[in-house]
Amino acid sequence: MSNNETNVTSNVLEASGMSKKRKRKRSRNKNPTNPDNQGEISSESLPNGQVKQQKTASKDGKIIEGIPGVVGDIPVTQLSENPKLERDTRGQAYDGNKKGHFKKPTFESKKNKSFDNYKSKDNKTVKFFERTNDEDEDYHRPTNMSRSQRADKANELLEIRKTLPIYQHKDEILKYVAENQVVVIIGETGSGKSTQIPQFLISSNKGQIAVTQPRRVAASSLAQRVSEEYGCVLGEEVGYQVRFSNVSNNKLTKLKYLTDGMLLREIMLDNKLNKYSCIVIDEAHERTILTDMILGFLKQLINSGERPDLKVIVMSATLNAELFSQFFQAPILFIEGRTYPVAKYYLTDSSEDIVDTIVRAAVQINLSEQQGDILCFLPGQEEIDTAVNILSTIAPDLPKEAPIIVPLPLYAALSPSQQSKIFETLPKNRRKVILATNIAETSITVSGVRYVIDSGLRKVKVWKHELGLSSLLTTTISQASAKQRAGRAGREAPGKVFRLYSEKIYQSELPKDQESEIMRNDIVLPILTLKKIGVDDLIYWPWLEHPGETAILSALSTLYSLGALDNNGKITSLGYKMAVLPLPPQLSAVLITAMNSGVLKDVIDIVSCISVDNLVLNVTTGDGEMRDEINSKRRNYCPLGCRYGDLIAFKEYFQYFEELNSMGNTEELKSWCSELHFNFKGFKNVLRIRQQLKDYMFGTIRQDDSINRDEKDQQLNNLKSQLVPDYDDITIKKPLDIPNILKSFLKGYITNTAIGMPDRSYRTCTNGQLISIHPSSNLFGKSNLDAIMYIEYVFTSKGYARNVSAIELSWLQDVAPHILGGTKVTIKD
DNA sequence: GAGCACTGC
């Protein structure tokens, strides 16, 4: 069977499984409540639930009849243009009453349609083409061009650069930078701030310039572009540095793009940042934890007076620049951008079922609007899958005069090959309808989009320090985010945004800005980082936004129980090692424990697997049969994992991957991955992370002077005997030392344990909360285990443990005797 | 008995 066939089949299977999905959806639409019922945002308080659903016709008496049984009677057509003008964007063609275009492919009837039935009717089935290019395209590499070719290209690009609005302000910008230590620059999208301002600075700066980006792809592609404009080889005067890839040269590079995480790492090595004369923080408005940390650190450095020569430029896209300006007491420069106008349309009434409304809106736009693709923002995977199913079901029955709709899902848990379908060019008379999560807001840019449909919703993970769990909540987006989503329609030509909420809600209900990451996340790692760079007074450290004492104390408590801090709150030598490892502190503690109990090799493998998101893809394609089939196939590859849980299963899967990999048979490897729904690229990443962890484990031990010499030699020998002989020789198979492997994990996750109760439920060791094994786990359905340990505790419809292992009560006794006595780990002062 | 948004080292 060819790849093409596979894809078409799975598409149809998706379509046939949707009624089940929808039933589930209804139950999930209940409030994602928290056990403590505090500060949560429920779906009922969302804008889409705010206005009572209106089932009657609009003023002009027209409503879309829609697809009976599927979409109900929600009047989507009443879109009014901002500010006051009422406008009906609906064309003539799709008045359901008049022409009967929708031939009642109701949900109920469609579900019974067989594959053949569907196929015969659908001569227009979209063909998907599997990408054949195996190259790793993640990173940019220097190109082979002669010096004169590069100069020609740079001159060519200079003409374009000169047309950018920002180019006119070059002298003014440099003047501000010369006169102030910190400057805040607001640059609208399309202003060219990220490429131009750093280049302006090269001429007036003697040392290196660092430009931070929140994402890796941004860092590497900006460096690529700027090196062309500058006329140099990438990695020489202009370079970049991200995890796994350093295309820069310490002596030659004047301008380096790096991720914010990389810069924070450099800060840990040199807390005066001596090698840089200028730091540019780009995309500061995104407020990631790491940029917030860097900004706080820079303020501390400037206040200390140790780097009066250091220039800092904070670049932000939205108007929240006052925050940065006040924080640094710095002037603000505003640079206008250049994007196409985007007309805004609002719903006069909100709808209760966002999926139905979005389907209707997409169908309507397809019929009434000029060419251009449609990008829809939905909160999550489930809504997207449902919408894709409905659209692909009704697509063949839509009017012939309109383009054929090609629905395409886009979210992080999709495999890279599925994601790349959005970039393929379609034959004429077809229109992409991309149904995406927030991933399309910043991370992935799709060209050809002229229309955006915005549900106004997103999913957000919120951490509760008191409970040690995270909740996944569906909540409204901010105005800033709504603008960002709208902007996606105006990148290449004038566009339109259709907001599935009223203008009143936009104005009065949506917050101006999103809550920043640092306020809704676990800050154990940030606190450890601060301890590492010598900050003792965490409460009065210059936080851009203070995370609050509770969060800090809770993080300190965790670090203390992991052994990273001593009784006085000082960082220990163990803490130093943990801070350097590129892992959450809990996992660092696991690695260090494993080293001492002789299971480092296996634990590194497992930790590397855990570090890759979406390694084991969830099976979303429709019916339960397919899911059961894949699950049982997977079980063949993890006999021990079936008994001991997901961590051991990771090890077994990875072991099999490595065996195939060592034989060099990529095709077989890929088909094994797709058969079991594993992420091939993800496994490749596991290999890279494992190598890095191995390097760090050697490096940290060698550099650590706090350990005496004998101990150091002992540890080195330990490491060598574990790592060197058989690391690259996977033909040597030793039986897994499961008790010691899992006990190492217990050292980092002792608070993430639960005991099996007589009533076959599980209750957490720390505070007796009810917890269930997540359906994605190998141990799902097992209710007779003595005790479990889990890597993550998330609350969705109820409390779930993810990445679960079966453990023995005696291990708990060994690792932490106090936990069974009900004593909580607290800071001793 | 039933399912997780995104990113970084």
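What's counted below: heavy atoms across the whole structure, side chains too, no hydrogens, waters or symmetry copies. All chains are named by letter (A, B, ...) in the order of the sequence lines, taking the proteins before the strands, and each is independently numbered beginning at 1.
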By nearest atom, which of the nucleotides [options] is closest to the [X] side chain?
X	options	answer
Tyr411(A)	dG8(B), dA2(B), dC6(B)	dC6(B)
Asp613(A)	dG1(B), dG8(B), dT7(B)	dT7(B)
Leu525(A)	dA2(B), dG8(B), dT7(B)	dG8(B)
Ala412(A)	dG3(B), dC6(B), dG8(B)	dC6(B)
His774(A)	dG8(B), dG3(B), dA2(B)	dG3(B)
Leu290(A)	dA2(B), dG8(B), dG3(B)	dG8(B)

Donor-acceptor side-chain pairing of [X] and [Y] below 3.5 angstrom:
X	Y	answer
Tyr411(A)	Asp385(A)	yes
Asp454(A)	Tyr501(A)	yes
Asp646(A)	Asn778(A)	yes
Ser478(A)	Asp513(A)	no
Thr445(A)	Arg488(A)	yes

Show your working on salt bridge (charged side-chain N to carboxylate O under 4.0 Å, His left out) between Arg690(A) and Asp605(A) and close with a plain yes or no.
CA-CA 6 Å; Arg690(A) 182 178 70 167; Asp605(A) 288 353; 3.3 Å; yes

So does Arg627(A) reach the base of dG3(B) with its side chain, donor to acceptor, closer than 3.5 Å?
yes

In terms of ring plane angle, is the pair Phe683(A) and Phe654(A) parallel, tilted or perpendicular, where the classes change at 30° and 60°?
parallel

Value in whole Å for how far the [atom2] atom of [N] lies from [atom1] of [X]:
X	N	atom1	atom2	result
Glu792(A)	dA5(B)	CD	P	12 Å
Leu473(A)	dG3(B)	CG	C1'	16 Å
Glu283(A)	dC6(B)	CD	C1'	15 Å
Gln692(A)	dG8(B)	CD	P	13 Å
Gln241(A)	dG8(B)	CD	P	15 Å
Ile773(A)	dG1(B)	CD1	C1'	11 Å
Asn521(A)	dC6(B)	CG	P	15 Å
Leu591(A)	dC9(B)	CG	C1'	14 Å

N/O (side chain, [X]) to phosphate O (OP1/OP2, [N]) under 4.0 Å:
X	N	value
Thr437(A)	dC6(B)	yes
Tyr800(A)	dG3(B)	yes
Thr288(A)	dG8(B)	no
Lys782(A)	dG1(B)	no
Ser797(A)	dG3(B)	yes
Thr442(A)	dT7(B)	no
Gln381(A)	dA5(B)	yes
Arg216(A)	dC9(B)	yes

On DNA chain B, does the nearest nucleotide to Asn614(A) precede the nearest nucleotide to Met262(A) from the 5' side, or the other way round? Give the residue.
Asn614(A)

Judged by nearest nucleotide, the residue sitting upstream toward the 5' end of DNA chain B, Pro582(A) or Ala413(A), is Ala413(A)

Identify whether any heavy atom of [X] sits under 4.0 Å from a base atom; if not, whether one sits that close to sugar-phosphate; answer base, sugar-phosphate or nothing.
X	answer
Leu583(A)	base
Arg215(A)	sugar-phosphate
Val460(A)	nothing

